[in-house]
Every structure is written in C-alpha cells, then in structure tokens.
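Input: a single structure, listed below in structure tokens.
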Amino acid sequence: MPLGTRQIGNGKTPDPLLFTEKFPKGKMLNAYWLSSGGHLTTARCTLDRADMQNSDISYVANLIFFATNVSRPFGDGEVVCFENETIGLACWGTDSDSGIIPAESINRFLTHCKKEGYTGFGTPGFEVYELLDPSMRSYLRMPEDMKHGVYVNTVYTLGTGSKEP
C-alpha cells in the first residue's frame, strides 16, 4: 500500500494531515497544491514574521504567519511545510508576500469543533487601546500611580461585549 494511505473498506482514504506547531523564522518553506490536472505542484518562500491581521469577514484579529520571497503567490488552502512537517495553510497571496494560517489556530479549531455544543471561537466584541501614554492617562483623569490599563474605544454590535452598557 502506498505511503500516506490506509485501507478502509474497498477504497483508500488518505491519512489526515498533522499540523506541527513550529515557527521557523527565516527558514525556507514549501507550499503544495494539486493542479487542475491532478499534478502535485510546489512554491517556495521564506517565513518572515508572525503578526495579528484583521479578518476580511469580521472585525476579529487572527494570528497569521507572513511569508516573503514567494516564488509565486499562494492560493487559499495550500498546504505549507517546513522540511517534512505541515505548519499551516495558505490564506492569501500577492506577488511579494503571502499569509499562512498557523498550526496553532488549526489545531485549536480541530480540537474544539469536536466537542458537543461547539459554537465557534469566542470574540470579545470590543477593541481596546493600551494606556501607556502618560498624557492620555492624565486626560482620562487616572491616578498618577496607575501606569497601565486599557481604554475600550470601540464596542461592536456583535460579540460578547455588545450587550454591556
């Protein structure tokens, strides 16, 4: 039996991907996808950084790996590997860089979605501004000995904070 398949009934089902939670910054990555003709194709890139990026369909910021020096823009859902380990799935691409959903997010989803009553990832429903600037703390009349804190600057109509006064 070929590597990566297992016998189930009369057919073959590929083994599921295992996502390894690694962040090999500065290392070369490969992205894989099947062409329309069913051929395995690849692209190369360098893992540049991890950052938070707002979702295109909601206000939620998600962890994204950014890849640079791409040999071609990634397409959605392409498997991204470091050496022989899958570290994420491509989520967008341009001629200069591409985004990768990291294994941490994928594994978290796969773990939680199996639970009864799963309703999705929780979101706070608001945005905050860190109160690190002394002049902003003074403007808000915070005590001088209070050097940290957050200011809720936006409350969305959806999310866990939307019904609070």
Would you check if [X] and [Y] make a side-chain contact, meaning some heavy-atom pair closer than 4.5 Å?
X      : Y      : result
Lys27  : Leu47  : no
Arg44  : Met28  : yes
Leu89  : Phe19  : yes
Lys25  : Asp48  : no
His148 : Leu132 : yes

Practice task
Walk me through it: do Glu83 and Lys22 pass the test salt bridge (Lys or Arg N to Asp or Glu O under 4.0 Å)?
Solution key: CA-CA 11 Å; Glu83 296 175 345; Lys22 286 189 175 182; 5.5 Å; no
Any donor and acceptor pair, going by atom type alone, linking the side chain of [X] with main-chain N or O of [Y] inside 3.5 Å?
X      : Y      : answer
Thr111 : Asn107 : yes
Ser71  : Ala43  : no
Ser96  : Thr94  : no
Thr86  : Cys81  : no

Practice task
Measure the acute angle between the ring planes of Tyr118 and Phe109, then classify it against the limits of 30° and 60° as parallel, tilted or perpendicular.
Solution key: perpendicular
Handout entry: Among Phe74, Phe23, Trp92, the one residue meeting ring-ring contact (aromatic ring centres under 6.0 Å, His included) with Phe65
Key = Phe23
Is it the case that over 12 heavy atoms from other parts of the model lie below 6.0 angstrom from the [atom1] atom of [X]?
X      : atom1 : answer
Asp95  : CG    : no
Tyr151 : OH    : no
Met146 : CE    : no
Leu40  : CG    : yes
Asn84  : CG    : no

